[in-house]
Amino acid sequence: MLEEAYRANALFDAHREDPEFGYRFLADEARVAGSVMADRTAWRICRDNRWWSVFGKRRGATKEAGPPVHDDPVRRDFTADGLNRLWLADITEHVTGEGKLYLCAVKDAAPRIGGDGPRPTRTSGLVRHPFPPPRVSAGSARKQASGHSP
């Protein structure tokens, strides 16, 4: 435990002198100062204390969601009596290496014929197989198979 504190002090001193250094350079500086450790140990100590290179990471653990940008006209009641009475929509933004990606979802809140409304037993099967397989009769299969000339 005491050795860990000495290592952390050596890394912190190196970080204070050169905040642009990453953990590998900080570990090298600590070794020069007499505190021997593996690069992985230096990484763990730097991560635990949030000592990042000024060029490496964005500050802040996560971005908190902001206040609502609109009123709540349905008062969080997401049910509808019939089709086209209440539509739900949401949009999200994801930052990627190539820029920003916007994803929007829009849904009619009315339950569909056949019980398509929300229920606790809903599984991911609808996402994996959104459409049932087509029904093919033997006659139509023969027509499709014989559509080419040999």
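Values in this document were obtained by computation on a predicted structure and should not be read as measured data.
Between E29 and R24 there is no salt bridge, since none of the side-chain N atoms of the basic residue sits less than 4.0 Å from a carboxylate O of the acidic one.
In plain terms, the two heavy atoms of V106 and W87 that are nearest each other are CG1-CE3, 3.7 Å. Shortest non-hydrogen contact noted between E4 and I45 is OE2-CG1, 3.3 Å. The two residues D77 and L86 come nearest to each other via the heavy atoms O-CD2, 3.9 Å. Among all heavy-atom pairs drawn from R31 and A38, the shortest one is NH2-C, 3.9 Å. Taking each heavy atom of A27 and A42 in turn, the nearest pair found is CB-CB, 3.6 Å. Taking both residues in full, the closest heavy atoms of A10 and A30 are given as CB-CB, 3.8 Å, listed atom of the first, atom of the second, then distance.
W43 and F12 are members of different hydrophobic clusters when ILVMFWY side chains are connected at heavy-atom separations under 4.5 Å.
Judged purely by atom type and a 3.5 angstrom limit, D108 has no side-chain atom pairing as donor or acceptor with the backbone of L83. Counting only distance, with no hydrogens or angles, the side chain of N49 and the backbone of W51 share no donor-acceptor pair below 3.5 Å.
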*Derivation and outcome, side chain to side chain contact (heavy atoms under 4.5 Å, CB included), residues C46 and L26*: CA-CA 9 Å; C46 290; L26 294 178; 3.9 Å; yes

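Taken to the nearest 0.5 Å, the OG atom of S35 stands 6.5 Å off from the CG atom of L11. Taken from OH in Y102 to CD1 in I91, the straight-line distance is 7.5 Å, to the nearest 0.5 Å. Expressed to the nearest 0.5 Å, how far OG of S53 lies from CZ of F25 amounts to 10.0 Å.
Under the side chain to side chain contact (heavy atoms under 4.5 Å, CB included) rule, R7 has a single partner from T41, V36, L2, which is T41.
The neighbour count for F78 CZ, taken as heavy atoms of other residues, nucleotides or ligands under 6.0 Å away, is above 12.
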